[in-house]
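Right, one structure below, let's go through it.
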Number of protein chains: 2
Amino acid sequence: MPENKDFCNYDALKLENQLCFPLYACSREIIKKYRPFLDEIDLTYTQYIAMMVFWESGRISVKELGKKLFLDSGTLTPVLKSLESKGLVTRKRSTEDERVLMVEITELGQQLKEKAVTIPPRVGGCIALEPEEAMTLYRLLYKILNKDE
Amino acid sequence: MPENKDFCNYDALKLENQLCFPLYACSREIIKKYRPFLDEIDLTYTQYIAMMVFWESGRISVKELGKKLFLDSGTLTPVLKSLESKGLVTRKRSTEDERVLMVEITELGQQLKEKAVTIPPRVGGCIALEPEEAMTLYRLLYKILNKDE
DNA sequence: TAAAATTAAATCGAACTCAATCAAATATAA
DNA sequence: TTATATTTGATTGAGTTCGATTTAATTTTA
């Protein structure tokens with residue numbers, strides 16, 4: 001990326017010239033920072049972002065959940081079953097359309113929010129960006145994500 | 001992220017206010033864009049970024065490779081065995097220090113570079129950022145990655 | 001030197017990711 | 001009303017991902 005033009009022959013194949021690579025590495029590094037905090041409430045990162053949706057929505061279909069998280073049912077099914085086994089959500093087929101599986105947060109799931117709310121500020125301290133930079137990063141990432149919508 | 005201050009009670013737990021989430025989603029979305037191109041040369045994304053290092057370095061230890069890719073030996077061992085089975089690299093213990101496994105690119109691995117070089121420009125077209133924006137994103141991501149070094 | 005500590009990889013286990021496929025339910029068309 | 005197509009969610013399989021443990025080799029220390 002350093003020089004966007006004048007890429008001589010193979011420079012495009014250098015790791016340092018990729019945008020995808022730091023994105024990928026950063027994503028994993030930040031998820032890793034969440035781990036000790038998420039361990040406290042016995043959630044994995046994927047379970048955590050799914051719970052975030054439930055804390056906001058309460059009840060949602062697997063399909064809609066997948067759209068919000070950019071994840072497909074192959075990923076979500078085991079995650080939701082795990083959350084159900086912990087008693088945090090219930091899974092029930094819609095009566096109007098039996099194909100649709102509705103997932104709903106339980107009282108226990110709601111209660112977990114109290115503990116979870118302490119996590120974002122604690123993780124935030126691990127990221128070395130100024131508020132303004134974080135804002136810019138946020139905007140650029142959503143620009144990429146919303147491209148195809 | 002929209003409002004960095006004045007987070008009332010639970011706003012910090014909204015998906016849209018997380019920085020980690022778009023980072024994670026973006027990373028997966030971009031890797032997904034690589035897939036059809038990588039299928040052409042029969043590499044997964046992880047194998048591809050490992051090959052990028054070999055195209056630059058030729059010969060490197062698992063330890064050093066892991067440092068470059070932010071991946072540990074638990075991830076790399078199966079990746080490298082797979083690349084070896086395709087004949088793209090060889091794996092041999094260092095004679096000076098038997099603990100160290102040196103991985104070296106083969107002639108076939110070198111040849112693959114010719115095909116791979118067409119990938120970055122083709123994927124680049126899938127990302128909706130201006131060159132200047134891409135540059136900014138790149139800089140911010142590396143700022144996060146280099147924090148702990 | 002011999003014991004202890006450190007280091008590098010491999011291994012293992014649990015979880016995630018996603019393409020591909022399947023089965024069931026619904027919608028549409030002939 | 002039948003077929004046909006589409007939609008939805010589950011399942012499967014290959015490949016990651018990473019913490020934790022193990023093994024082997026090396027280095028440090030007593």
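These values consider heavy atoms only, across backbone and side chains, with no hydrogens, waters or symmetry-generated copies. To find a chain, count down the sequence lines: A is the first, B the second, and so on, and within it residues start at 1. Keep in mind that what you see is a predicted model, and the values were worked out from it rather than measured.
Side-chain N/O atoms of R91(A) include one lying less than 4.0 angstrom from OP1 or OP2 on dA10(D). One finds a side-chain N or O of Q47(B) lying less than 4.0 angstrom from the OP1 or OP2 phosphate oxygen of dT16(D). Using a 4.0 Å cut-off, some side-chain N or O of T44(A) falls inside it from OP1 or OP2 of dC16(C). Remark: K81(B) is in phosphate contact with dT11(C), judged by side-chain N or O atoms under 4.0 Å from OP1 or OP2. In this model, the phosphate group of dC18(D) is not approached by any side-chain N or O of Y45(A) to a distance below 4.0 Å at OP1 or OP2. For R28(B) and dC18(C), the shortest distance from a side-chain N or O to OP1 or OP2 is below 4.0 Å.
Put simply, CG on L80(B) is 10 Å from P on dT16(D), counting in whole angstrom units. Spacing between atom CG of D42(A) and atom C1' of dA15(C) amounts to 13 Å, rounded to whole angstrom units. Between L38(B) atom CG and dA19(C) atom P the separation is 13 Å, expressed in whole Å. Atoms CG (L76(A)) and P (dC18(C)) sit 10 Å apart, rounded to a whole Å. The separation between E98(A) atom CD and dA10(D) atom P is 13 Å, rounded to whole Å. When rounded to the nearest whole Å, the span between CG of L71(B) and P of dC18(D) equals 6 Å. Atom CG of L101(B) and atom P of dT11(C) are 11 Å apart (whole Å). E96(B) places its CD atom 16 Å from the C1' atom of dT7(C), with the value rounded to the nearest Å.
Between E56(A) and V53(A) the shortest side-chain heavy-atom distance does not fall below 4.5 Å.
Nearer the 5' end of DNA chain D, as judged by each residue's closest nucleotide, is the contact made by E64(A), out of E64(A) and R35(A).
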Item to check | Residue pair K81(A), E84(A): steps toward the salt bridge (charged side-chain N to carboxylate O under 4.0 Å, His left out) verdict | outcome: CA-CA 5 Å; K81(A) 283 182 175 175; E84(A) 184 180 44; over 6 Å; no

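Across all strands, S82(A) comes closer than 4.0 Å to no nucleic acid atom at all (heavy-atom distances). Residue-level contact check: T46(A) touches the backbone only, with heavy atoms under 4.0 Å from sugar-phosphate atoms and none from bases. Within 4.0 Å (heavy atoms only), D72(B) reaches at least one base atom of the nucleic acid.
Side-chain atoms of T77(A) and base atoms of dA10(D) include no donor and acceptor less than 3.5 Å apart.
Taking the six-membered ring where the residue is Trp, F21(A) and F70(B) present tilted rings, their angle falling between 30° and 60°.
Minimum interatomic distance between Y24(A) and S27(B) (heavy atoms only, all atoms of both residues): CA-OG, 3.3 Å.
No donor-acceptor pair closer than 3.5 Å links the side chain of D11(A) to the backbone N or O of K14(A).
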